[in-house]
Amino acid sequence: MGFDRRIFNFSAGPATIPTEVLEKAQSELLNFQSAGMSVMEMSHRSKEFDGVLEKAESTLRELTGVGDEHAVLFLQGGAQHQFAMAPLNFVEKGRPTDLVQTGYWTQKAAKEIELLGELKVVASSEDKNFSYLPPITPDRLSENASYLHYCSNNTIFGTQYREFVRQAGVPLVCDMSSDFLSRQLNFSDFDLIFAGAQKNVGPSGIAVVIIRKEFAERGRKDIPSFFQYREHIKGGSRLNTPNTWGIYLCGLVLDWLKAQGGLAKMESLNQEKAGWLYDKIDSSDFWSCPVRKEDRSLMNVVYRIKDGDEALEKKFIAEASAAGLSGLKGHRHVGGLRASIYNAHPAEGVKALVQFMDAFEKANG
Ligand SMILES: *Cc1c(COP(=O)(O)O)cnc(C)c1O
């Protein structure tokens with residue numbers, strides 16, 4: 001292969017970062033804010049980096065509307081580090097920890113919870129390979145749970161929750177890795193939100209964390225301090241030397257999001273983008289989507305050709321890739337095709353994919 005231009009990247013993560021953001025980073029790479037060095041080379045306690053971190057936090061607060069009751073953190077280790085950190089802090093012996101089982105990422109989170117306490121799967125869609133969202137009613141939820149764990153968007157199976165049923169008094173924890181900042185949501189309702197940055201916020205290796213301060217305070221104190229949320233809050237995301245370059249890039253993406261018109265604008269754009277793709281998939285029997293219609297994700301569109309013609313799917317992936325549409329192979333747990341169309345994936349990319357599907361269908365239908 002080899003391209004002399006930026007292609008349309010449908011990868012599930014690391015994923016597309018806005019070109020404007022990369023250009024800005026490029027222009028500031030050698031000499032950041034006239035400091036005579038790159039942001040990667042300066043102290044994480046320098047006044048320049050103070051500015052980077054403060055701005056990233058304030059823009060994130062502005063976009064999400066979370067106030068002083070919550071802390072905003074940029075931590076290392078990504079989402080799976082949070083799968084460990086949340087139970088370490090909050091799973092209590094003698095109480096269940098509730099979890100909604102929607103596949104793969106919640107299975108991973110569940111495994112960590114089980115190491116430390118009693119897991120209670122309050123709903124699951126495993127019976128149909130996680131192709132729908134299991135309904136949740138308050139009577140299924142424990143009254144005394146350590147917390148309730150959700151994954152808002154199931155990256156691999158292509159489902160996305162639109163509302164979060166909870167039990168009064170039980171903390172609400174949500175893995176928003178693959179749809180964070182893609183829509184308007186009452187972020188303050190959650191006690192802990194975390195998101196691996198590499199889908200919607202920036203580069204990999206960082207988790208953006210929003211945690212209710214009072215909840216963080218209730219976490220265990222008899223675990224190593226580096227795993228305690230309260231210590232990271234006290235340290236202002238700088239308990240250790242953080243990934244300064246990554247935080248800087250997250251800040252640029254957040255600025256970009258704001259300049260695009262914030263989450264309301266993102267939400268309508270994302271509905272539009274996903275709509276084009278699902279309309280195409282639903283338009284003929286050549287394509288199919290295994291996910292129940294009302295549960296479909298706006299971020300990860302999972303689909304098949306002729307209900308799973310693997311040879312034809314392989315051909316599609318190869319030809320699409322040669323045409324500059326990359327990353328369309330489905331996850332190995334589902335097979336088929338997947339188009340990940342996060343915030344930064346341009347509308348033109350989705351249009352190009354729909355056009356390509358049209359031509360492919362005509363040639364192979
Ligand atoms: C990608 C992803 C993860 C894993 O993120 P890491 O940063 O690699 O740990 C967890 N949960 C969801 C929903 C994801 O999409």
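When a ligand or atom number is given, it counts from 1 through the structure's own listing order.
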Contacts of A110 that satisfy side-chain contact (heavy atoms from CB on, under 4.5 Å) - sequence neighbours left out: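 Counting only residues at least two positions away or on another chain, A110 forms a side-chain contact (heavy atoms from CB on, under 4.5 Å) with L99, Q101, L119.
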
Between Y229 and F90, ring centroids under 6.0 Å: yes

Under the criterion salt bridge (Lys or Arg N to Asp or Glu O under 4.0 Å), I'd like the reasoning laid out for R61 against E57: C-alpha separation, chi angles, the key distance, then a yes or no. CA-CA 6 Å; R61 286 185 183 279; E57 178 180 333; 3.0 Å; yes

Got a list of side-chain donor-acceptor pairs under 3.5 Å for residues 193-207, not counting sequence neighbours?
from: N200; atom 1: OD1; to: N343; atom 2: N; distance (Å): 3.0
from: N200; atom 1: ND2; to: F180; atom 2: O; distance (Å): 3.1

Protein N/O near ligand 1 N/O, under 3.5 Å, which pairs?
from: ligand 1; atom 1: 7 (O); to: A79; atom 2: N; distance (Å): 3.1
from: ligand 1; atom 1: 7 (O); to: Q198; atom 2: NE2; distance (Å): 3.0
from: ligand 1; atom 1: 8 (O); to: Q198; atom 2: NE2; distance (Å): 3.4
from: ligand 1; atom 1: 9 (O); to: A79; atom 2: N; distance (Å): 3.2
from: ligand 1; atom 1: 9 (O); to: Q80; atom 2: N; distance (Å): 2.8
from: ligand 1; atom 1: 9 (O); to: Q80; atom 2: NE2; distance (Å): 3.3
from: ligand 1; atom 1: 11 (N); to: D175; atom 2: OD2; distance (Å): 2.7
from: ligand 1; atom 1: 15 (O); to: T155; atom 2: OG1; distance (Å): 2.5
from: ligand 1; atom 1: 15 (O); to: K199; atom 2: NZ; distance (Å): 2.7

Got a sec, which residues hit side-chain hydrogen bond (donor to acceptor under 3.5 Å, both in side chains) with R212, two or more places apart in sequence or on another chain?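 Here the qualifying residues are E69, D191.
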
Do we see a donor-acceptor contact under 3.5 Å between the side chains of R296 and T159?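 No.
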
